[in-house]
There are 2 protein chains.
Amino acid sequence: MVTINTNTPVDEELVKEKEAAFAAFIQRRGLKTTRQRNTIISTFFRMRGHISVEELLVQVKKANPRIGYATVYRTLHLLVESGLVEERRFGDGLARYEGHSAVEHHDHMICLECGLISEFYNPRLEALQESLAEENNFEIYRHRLELYGVCKDKAACEARKQQKAARAQGA
Amino acid sequence: MVTINTNTPVDEELVKEKEAAFAAFIQRRGLKTTRQRNTIISTFFRMRGHISVEELLVQVKKANPRIGYATVYRTLHLLVESGLVEERRFGDGLARYEGHSAVEHHDHMICLECGLISEFYNPRLEALQESLAEENNFEIYRHRLELYGVCKDKAACEARKQQKAARAQGA
DNA sequence: TGGATTACGAAAACTGTTTTCATTATTGAA
DNA sequence: TTCAATAATGAAAACAGTTTTCGTAATCCA
């Protein structure tokens, strides 16, 4: 299994590339480059993990408090349309957006205690799915696999939980 | 792979069993048996597939037009709490409920053309997931796997699509 | 630099779901 | 049975997350 490390610092090179790709998309579509969109995407691409609109808005407001959530929503839709970002839903009712990923496709493990979302990729799993689809006369475009459970490392899990509670307190 | 057949008629015996199980649950909880709840659950258990609140309400209203959606929502929650029904979300924003299933756990294949939702189960897939979780020091409580794509049998797929369109027209 | 066009922000609208509240039904005990 | 006590109902309001509207402001190309 490939477990995807999400604790390394964000690669500035890659961010710049993504920003350029988005700028190209905007141009191709005949849309306009705006200060707000730039703020939103550069904030987004420098954040890690599975980001909710709320979380993004908080960061964006630090750079420019006048930016409203309508613009954040609109920009996220554009990011999704551009193919640079994926929208995901993990059943808590809110959309989460994901931009940086070491590998293209991956699945998720979600800890129900501390909320940690780990990414992983396994070719055997992919192959097995393909063969099942084949058997069923079905052609897969995409799939979603989520494992819900708990971390076995209780100490680390508890620490994350505390940290999360503290952050919620502060907000 | 086990592909689960969802075209066989609903087994009356099984429905009666589920109704009895729900009645027992109601009693155990100290809740009351009502005409509305009986209508809703017996309608639900006689429907097949992955039923949305809307779809259920339509059927329920045929038996008793005075039943409102608040009661349908409330009853579905009770069904979920009783363990007789599972709630699922396939990303179109609405909850779907599933009561009858030949096997306990199963995964889904969803056709993006005709909307067909097929259920399947494969022990190798389950085992592989367990081993991946093990590797990652994670304990799985439950999981969700959904394959999105299209039916390879274009004729059957198209027929279902037509049928669906006709039904939407009629409603 | 002008003028067409697109984007913005605030607020209203929307969707699916949950809650409230006054009224009605069910229940177990007398 | 009848009587409270309690739970359930239905209509409407509230709710959360998201999308749309609308008047104003910014962008961009000629």
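In this text the structure is predicted, and so the values were computed from the model without any measurement. First the proteins, then the strands, lettered A, B, ... as listed; each starts at 1.
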Give a yes/no on whether any side-chain N or O of [X] is located under 4.0 angstrom from OP1 or OP2 of [N].
| X | N | value |
| --- | --- | --- |
| B/Tyr73 | C/dT18 | no |
| B/His77 | C/dT17 | no |
| B/Arg74 | D/dA7 | no |

| field | Which residues share a ring pair (Phe, Tyr, Trp, His ring centres under 6.0 Å) with A/His143, sequence neighbours left out | value | A/His105
| Which residues satisfy the ring pair (Phe, Tyr, Trp, His ring centres under 6.0 Å) test with A/Tyr97, sequence neighbours excluded? |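 Residues passing ring pair (Phe, Tyr, Trp, His ring centres under 6.0 Å) with A/Tyr97: none at all.
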Could you check how far [atom1] of [X] sits from [atom2] of [N], rounded to whole Å?
| X | N | atom1 | atom2 | answer |
| --- | --- | --- | --- | --- |
| B/Leu78 | D/dA7 | CG | P | 13 Å |
| A/Arg28 | D/dC28 | CZ | P | 16 Å |
| A/Ile26 | D/dC29 | CD1 | P | 13 Å |
| B/Leu76 | C/dG16 | CG | P | 15 Å |
| B/Arg88 | C/dT17 | CZ | C1' | 20 Å |
| B/Leu94 | D/dT18 | CG | C1' | 15 Å |
| A/Arg89 | C/dT17 | CZ | P | 12 Å |
| A/Leu57 | D/dG17 | CG | P | 13 Å |

| task | Output the residues of residues 60-71 of chain B in contact with DNA chain C, where contact means a heavy atom of the residue under 4.0 Å from an atom of the strand; sort by number or write none. | result |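 The stretch gives B/Tyr69, B/Ala70 as the residues lying under 4.0 Å from the strand, ordered by number.
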Show me, pair by pair, the donor-acceptor contacts under 3.5 angstrom made by side chains of residues 64-74 of chain A, not counting sequence neighbours?
residue : atom : partner : partner atom : Å
A/Asn64 : OD1  : A/Arg66 : N            : 3.0

When you check the gap from the basic side-chain N to the acidic O, do [X] and [Y] get nearer than 4.0 Å?
| X | Y | value |
| --- | --- | --- |
| B/Glu98 | B/Arg96 | no |
| B/Glu86 | B/Arg88 | yes |
| A/Lys152 | B/Glu139 | no |

| said: If the condition is side-chain contact (heavy atoms from CB on, under 4.5 Å), which residues does A/Gln59 pass it with, not counting sequence neighbours? | reply: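 Result, side-chain contact (heavy atoms from CB on, under 4.5 Å) vs A/Gln59: A/Thr43, A/Met47, A/Lys62.
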| field | Test item: A/Ser42 and A/Glu19 side chains (from C-beta on) under 4.5 Å apart, heavy atoms | value | yes
| Hey, does A/Leu31 have a side-chain heavy atom less than 4.5 Å from the side chain of A/Leu78? |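 Contact flag for A/Leu78/A/Leu31 side chains = yes.
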| Per-nucleotide protein contact string for nucleotides 22-30 of chain C, where B marks a base within reach and S marks sugar-phosphate only (heavy atoms under 4.0 Å, - for neither) | ---BBS---
